[in-house]
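Hydrogens, waters and symmetry mates are skipped; everything else that's a heavy atom, side chains included, is used. Note that ligands are numbered from 1 as they come in the structure, with each ligand's atoms numbered from 1 the same way.
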Amino acid sequence: MKPLLILLILLSGAVFFFRSTLFGQGITTSLAFNPYNNYPVYQGTDLRVTYSKTGTTLKIWSPPSQEMKLKLYKTSTGNDMTEEIMCRKDADGVWKAELKGDRKNTYYTFQAKINGKWYDENPDPYAKAVGVNGRRGQIIDLNETNPSGWANDKAPVLNNATDVILYELHVRDLSISANSGIKNRGKFLGFTESGTKNNQGQSTGVDHIAELGVTHVHLLPSYDFSSVDESRLNVPQFNWGYDPQNYNTPEGSYSTDPEDGKVRILEYKKMVQALHQKGLRVVMDVVYNHTGYTHNSNLDQLVPGYYYRQWEKDGKYSNASGCGNETASDRAMMRKFIIESVIYWVKEYHIDGFRFDLMAIHDMETMNQVAEALHAIDPSIIIYGEGWTAGDSPLPEQYRALKRNAKKMNGVAVFSDDIRDGIKGSVFDDKSTGFASGAKDMAESVKFGIVAAGEHPQIDYSKVNSSREPYTKNPAEVINYVSCHDNNTLYDKLKISRPDASEEDLVRMHKLSNTIVLTSQGIPFLHAGVEMKRTKGGEHNSFNKPDSVNRINWDWKYENRELVAYYKDLIAFRKAHPAFRMQTNEMVQKNLVFLQTNDPQLIAYQLKDHANQDDWQQILVVFNGSGLDKNVVLPKGRWKAALQNYQFKDYQDTKSDTTRIAPYSAMVLYQE
Ligand code: CA
């Protein structure tokens, strides 16, 4: 054997050893400061309640505990403890309790004694069922939480990730308005109601979403969060829910009975089943990056400090979430917790995708392992997240799941704030405008979005608003959007930034904005209600505002029926044309060519040669972001318009070699 070869083998062995020790195979070495390196890692996948009719086993991980109590209760809040059991210490920091007989529906808490101090009672972080306000876990038989037909529940077929069209929705907003015509207002069960109508007789709820033609409903937090008091549901309360309490159980306030942990599970599954039956897939917004409570969270009460990052200089909890803490995905047991949690939601609840809040708080290795684990179960599961943090983190930038590191992740997409702000102006400055609202310096940012934030010879990256280089390898790695639950709605932003514009022009800008999104390469994302000109009255941070600000008002659907119809046509148009859904950057580079318009308010590009096997040989897309009519010189050949002045129609052949495009509008022409 040659010395070089021996050296290579030794080196690859060293790399393997480094990887396997760093990433969860025995010790807790992590990527950021970690004072808990001496804690053992538990490799088993049974940290949970394992129920059977003859006995129940409960296991919890807490290396620093000197003692661990398990307390059993009759009800979810009452002063009715029936038993107190001292758990037995097991290997690798695990504590275990074995209960004989059928303990179904019993409530429980754990209590840890650390450094001589008894901490608060809490359910285990892995709890799959909890009572009201998530303060006690519940031993249940999960088989009893399956709706009829659950074994045959299947998500609609999805061929390619670029076929996805996301619709971001808050559970309560969909149905809380009386004019939704929905009985189970504000509940998971609201999604199971079909045939519901507004006062004008138009469809509402899931029927509306299905008719719109989107493929995925992305739900704002639907796991158990702490900000809504589940014991006072007669009082209207609203919160987005970015304050996780129990990650592996649904939120109680969206159920019809938060006391009984089984009810919310059954009703959540009924929601997923109903959406699947309507041809819609379901994405969960997950917030593993921080918890609602810090020192009072079940994570911190059972293993103080371990699940959160600290600053090395003073040991204080860091706060990259801006919400008081940040979790430590780079520590083995937190990473394991995240991975097992998403797998659980897929297997138990048939979830089809995950949106990671402030994903850059997580390390890339965790995100890659999440994607690998989920895609091993089902390659059509989509995973995407916000490639940024809300504050500084002890996790060095090189490890963060940042937008600019997206190329180093596989099967994980990131939101494009470049196209978002390029189209409508910065979210940090209400008054700023974007390409669709008349800005003269945003065309390059929009073009960067059109090519799905990838490598393209015609993009001048130095002119893109917030990126200096491509960050995707392929189009499915970027989420294109112009508005979401955060910040002003699209309509409010346009109105605030263009107080001079007529209502008619605002609607044109509105249409132009999402026409750009829905014709761009990548995965398009719509904020629920945008198709009916959703407004929050200029409220840019509505996380805890009343229903009157947040709810979907189903009268809007009638008032803006022409806009709703346009969105429907636009979505159908994207679905009919694979040219807008290319799967590789190579295809985009080969088939998408920008025309020189010599006008910063005019973008034109061609999709060539039956791109992605499109029926049309050539497609020409033109966007006019100015308030004036513009002339466009057409490339050679006889062109036919498919979209003009926001009307999809069969138009006559264009005889001339130029065409006019109306102010703030989009045009699509083609050659068969
Ligand atoms: Ca809750």
Can you sort out the partners of [X] under side-chain contact (heavy atoms from CB on, under 4.5 Å), two or more places apart, ordered by chain and number?
X	answer
Cys87	Met68, Leu70, Trp95, Ala97, Phe110
Asp141	Tyr51, Lys53, Lys104, Asn143, Glu144
Asp300	His295, Ser297, Tyr308, Tyr317

*Sorted by chain and residue number, which protein N/O/S atoms are under 3.0 Å from the Ca ion (ligand 1)?*
Asp224 OD1, Phe225 O, Glu230 OE2, Glu251 OE1
_Pair Lys187 + Glu251: basic N to acidic O under 4.0 Å_ = no
*Between Lys71 and Asp80, is the closest basic N to carboxylate O distance under 4.0 Å?*
no
*When you look at Arg400 and Asp330, which way does the salt bridge (charged side-chain N to carboxylate O under 4.0 Å, His left out) test go after all the steps?*
CA-CA 10 Å; Arg400 294 184 199 170; Asp330 51 316; over 6 Å; no
